[in-house]
Each structure stands twice: as C-alpha cells, then as structure tokens.
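Beneath this line is the structure, given in structure tokens, with notes to follow.
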Amino acid sequence: MSRQVVLPGLDAGSYKPHMLHAENRIWVEKNCYIDIVIELVHALDLEPLAAMGFCAAVDFEGDCFTFFKPPHDELRELFGLDIQELNVWRPLLEHSIWHLGAGKLISTEADAFHLPDTSATDYRRNHVKTTIILADLDVEQRRLGYFHNAGFYTLEGDDFESLFRLSAAPDPAFMPLFAELVRVDRLRRLPAGELAEMARLLLAKHVSRRPAVNPLTKFHRRFQDDLGVIQREGLNYYHTWAFATIRQMGAAFESLSLHLRWLMRAGAGEGFGPAAEAFERLSLTAKAFILKAARVVNSRRPFDASSVFDEMSGAWYDGMTTLAEQLGLPARASST
C-alpha cells in the first residue's frame, strides 16, 4: 500500500482553518511552528485557544522577540499530544513511510521553495526554512498532504521529489533537517469546564514568569539604536527584522487576548476583560507600527517613535498588571 493517511477526511480544497487564522485576525499568520500546531489541534477537533496562555511570558530577547512555541508538556496535559524529536538517521521519506504508516505525524523543517501554498511569496523563488507537518503520504502518486502556516495543502510531482531530495546527488555535506514525531494515539478530550480550569492554571504559571522589565521599553531602546542600520540596509532587511520583532510580539499578544476571551466564555476568566482589551490594543498598535516603520525605512526620513512605544508599553503594563491581580499574583512596581 503506497498511501499512508494519519487523519482521514482532510481535504485541501475544503479545509477550513481555525478562527485564530481567520482573515479578520490582526495577524493571520504567526510563525511557522505555532501555526501548524494550531491547525493540527483544530483538525483533531480540539481547541487550540486553550493552549495560548504561554504567550504571556513572551519577552524581548535583545535582538528579537521570543519565537513563541507551545510547550510540549502542556500540549500533552491539555490534549494528550505527544511530540518528541525524531532522530533523522536515514532519508526523511523512509522515516515518513514508516511513521505515518504507524499512525504518527512528522513535523519537519522544509524549504518553502518547494511548497506551492507559498506561491505569493517564496514558491520557486526563495529558499526559506519553514516547518510543515506531514499527514497524508502517497509515494506511488508522488503526492503529499501537509499542514503549513494557516491551512492544509497538497504538493506533488517535482515538488515531492525536491522536498524529499529523491533526485539529489549524494552530498556528504548535507545536514538532515530537524524533525519531530507527533503521536495522536493518546488524545485527551477533556470536558469544557475541566479544560478551561487546566488552561487557567497554565496561564497563571506563565504570567508568574512574565518579564521583570517591560519588553516594549527594551524594544524601544534597541529600535532607536538600530533604525539607521535598518534604513541603510533597505526594505528586504526590514521585512526580516520586522518578522523577528514586531510580528512575533503582535501575533503573540493577539493570541493571548483571544485566549483570555475564550476563558471568559468558558466561565474561567472572570475579570479578564480589561487585560484582553489591553493586549488587543497592543497588537493593533503593533500592526499600525509595522506598516508605518516600513514607510520610514523606505523614505529614510527621521522617525521619533516615542509615542507609539509609549502606547505599546502602556498596553503591556496595563494588561499584565490587571491579569496578575485577577490571578492573585504579586504586582510589579514599575511600568518600565
């Protein structure tokens, strides 16, 4: 049998993404890892919003914001998903045939150059590392169904050959891409109230780990230092920089806002409304900023972003202060 299907019934043509990837979201796509986890959990008929509390601990790391990924132990606690690193000791296709045939999915790094769902950006244009989940493999037909970004897609033919390096000459310098096994044979489908209470406990853990210094204040200082370099390097550099900074921050706090609203609907988020509004305000301001900064970089004109950063840092402080209070956690003395 040449076809291994882990999740029967998935169809790329009719697949409907989760509301976290709805077209009216502030940030439709977040990052390549959290996006595929969202859609996998959704495809399993579970609620990915329950897992978004970890976004509360996102920080400015000095030259980027945290590349936010759901902790694997929390995915196991909430949903029974078991994700472990795959030791890629033989060709990826051989691993895929074996593990998909055994009912396990594979998450793997991949080159967007070979992914047709990136036709508007990188497909057949740019070699860019991303992450996909292999879910439906047909070796005989040279066809793959995979999760990527905000949906479920298929590729075939030359793209299949290139993705799995079937026609590549032996290259002793080639380093296997990072991959993970995703086991779905121990799923947990908790009652709604129990799931919400568990999610609230996990949220409290992450809020207790929130940055000691307002990350938007730190980001402001770095932006002032780096603006000249960004303007000199131009728009291509800017877009890479913006993905690592503004987009990660904006998408994380929109996700946190939606998590809080989900807890409120589930009866486990009383008093969370002001925090949800503050984080939504932060995300909206970040979206306006990413567009304005692009124009500033393109024109190379001076730019005093103090008012924008004051608004964003104030929104972060308001949200975290309110949330910590509602969760019974110690307050922090300063907004900076």
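These values consider heavy atoms only, across backbone and side chains, with no hydrogens, waters or symmetry-generated copies.
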### Query
How many angstroms lie between CZ in Phe303 and CD in Gln224, if you round to the nearest 0.5 Å?
10.5 Å
### Summary
ring pair (Phe, Tyr, Trp, His ring centres under 6.0 Å) filter on Phe272, not counting sequence neighbours, yields none
### Query
What distance separates Leu216 CG from Phe223 CZ, expressed to the nearest 0.5 Å?
12.5 Å
### Task
Answer yes or no: does atom CG of Asp158 have more than 12 heavy-atom neighbours from other residues, nucleotides or ligands under 6.0 Å?
no
### Task
With sequence neighbours excluded, tell me which residues meet ring pair (Phe, Tyr, Trp, His ring centres under 6.0 Å) with Tyr33.
none
### Query
Taking 4.0 angstrom as the limit, do Glu280 and Arg261 come out as a salt bridge?
yes
### Task
Specify whether His114 and His127 have parallel, tilted or perpendicular ring planes, treating 30° as the upper limit for parallel and 60° as the lower limit for perpendicular.
perpendicular
### Task
Flag the pair Phe65 / Pro215 as yes when at least one side-chain heavy-atom distance between them is below 4.5 Å, and no otherwise.
yes
### Query
Does some side-chain heavy atom of Thr108 sit less than 4.5 Å from a side-chain heavy atom of Leu134?
yes
#### Entry: Hydrophobic cluster membership, Val128 vs Tyr237, 4.5 Å side-chain cutoff
no
#### Entry: Derivation and outcome, side-chain hydrogen bond (donor to acceptor under 3.5 Å, both in side chains), residues Glu29 and His148
CA-CA 10 Å; Glu29 294 178 359; His148 184 229; over 6 Å; no
### Query
Does a donor on one side chain sit under 3.5 Å from an acceptor on the other, for Asp159 and Ser162?
no
#### Entry: Check ion pair Arg222-Asp63 (N to O, under 4.0 angstrom)
no
### Query
Are Ile246 and Leu227 in one and the same hydrophobic cluster, where Ile, Leu, Val, Met, Phe, Trp and Tyr link if side-chain heavy atoms are under 4.5 Å apart?
yes
### Message
We want to know whether Thr66 and Glu61 form a side-chain donor-acceptor pair, criterion being a heavy-atom distance below 3.5 angstrom.
### Response
yes
### Task
Taking atom types as modelled, find out whether Asn214 and Ser313 have a side-chain donor-acceptor pair closer than 3.5 angstrom.
no
### Message
If I take atom CZ from residue Phe152 and atom CG from residue Asn149, how far apart are they, to the nearest 0.5 angstrom?
### Response
14.0 Å
### Query
Between the side chains of Asn87 and Glu85, is a donor N or O closer than 3.5 angstrom to an acceptor N or O?
no
### Query
To the nearest 0.5 Å, what is the distance between OG1 (Thr154) and CZ (Arg143)?
4.5 Å
### Task
List the steps and the verdict of side-chain hydrogen bond (donor to acceptor under 3.5 Å, both in side chains) for Ser2 and Asp138.
CA-CA 6 Å; Ser2 70; Asp138 191 329; 3.1 Å; yes
### Task
Check whether the side chains of His259 and Glu254 place a donor and an acceptor atom closer than 3.5 Å, and report yes or no.
no
### Phe309 ring center within less than 6.0 Å of Phe219 ring center
yes
### Message
So, applying side-chain contact (heavy atoms from CB on, under 4.5 Å) with Pro274, which one of Leu323, Thr322, Leu260 is it?
### Response
Thr322
### Query
Side-chain contact, heavy-atom cut-off 4.5 Å: Lys129 with Leu177?
no
### Query
Does a salt bridge link Asp35 with Lys30, judged by any charged N lying under 4.0 Å from a carboxylate O?
no
### Task
State plainly whether the residues Lys218 and Asp59 are in salt-bridge range, i.e. N to O under 4.0 Å.
yes
### Query
Quick one: do Met19 and Trp27 end up in the same hydrophobic cluster if we chain Ile, Leu, Val, Met, Phe, Trp and Tyr together by side-chain heavy atoms under 4.5 Å apart?
yes
#### Entry: Short N-O contact, Arg3 and Glu140, less than 4.0 angstrom
no
### Task
Give, for atom CZ of Arg247 and atom NE2 of His239, the distance between the pair rounded to the nearest 0.5 Å.
10.5 Å
### Query
Do the charged groups of Arg200 and Glu270 touch, with an N to O distance under 4.0 Å?
no
### Query
About how many Å separate CG of Leu46 and CG of Leu75, when rounded to the nearest 0.5 Å?
10.5 Å
### Message
Under a 3.5 Å threshold, yes or no: a donor from one side chain and an acceptor from the other, between Glu109 and Thr131?
### Response
no
### Task
Begin from the C-alpha positions of Glu74 and Lys205 and carry the test salt bridge (Lys or Arg N to Asp or Glu O under 4.0 Å) through to its verdict.
CA-CA 11 Å; Glu74 295 183 11; Lys205 178 183 72 173; 2.7 Å; yes
### Query
What is the ring orientation for Tyr238 with Trp241, classed by angle as parallel under 30°, tilted 30 to 60°, or perpendicular over 60°?
tilted
### Query
Val28, Leu256: one ILVMFWY side-chain cluster at the under-4.5 Å cut-off?
no
### Task
Would you verify whether the NZ or CZ of Arg165 falls within 45 degrees of the ring axis of Phe174 while also being under 6.0 Å from that six-membered ring's centre?
yes
#### Entry: Donor + acceptor pair across side chains of Asp136, Tyr146 (<3.5 Å)
no
### Query
Would you call Ser306 and His220 a side-chain contact if the rule is heavy atoms closer than 4.5 Å?
yes
### Message
Taking the basic N atoms (NZ, or NE/NH1/NH2) and the acidic carboxylate oxygens, is any pair closer than 4.0 Å for Asp318 and Arg281?
### Response
yes
### Task
Give the cluster check for Met249 versus Leu284: same hydrophobic cluster or not, with ILVMFWY residues linked at side-chain heavy-atom distances below 4.5 Å.
yes
### Query
Got Arg183 and His99 here, is their nearest side-chain heavy-atom distance under 4.5 Å?
no
## Note on the structure
Hits for ring pair (Phe, Tyr, Trp, His ring centres under 6.0 Å) against His42, two or more places apart or cross-chain, chain-then-number order -> His18
### Query
Would a 4.5 Å heavy-atom cut-off, applied to side chains only, mark Ile34 and Pro70 as touching?
yes
### Message
Once you measure the plane-to-plane angle for Phe253 and Phe279, does it fall in the parallel (<30°), tilted (30-60°) or perpendicular (>60°) bin?
### Response
parallel
### Task
Start with the C-alpha distance between Asp11 and Ser14, add both sets of side-chain angles, then the distance that settles side-chain hydrogen bond (donor to acceptor under 3.5 Å, both in side chains), and finish with yes or no.
CA-CA 6 Å; Asp11 178 73; Ser14 60; 3.2 Å; yes
#### Entry: Any donor-acceptor N or O pair under 3.5 Å, side chains Glu39, Tyr15
yes
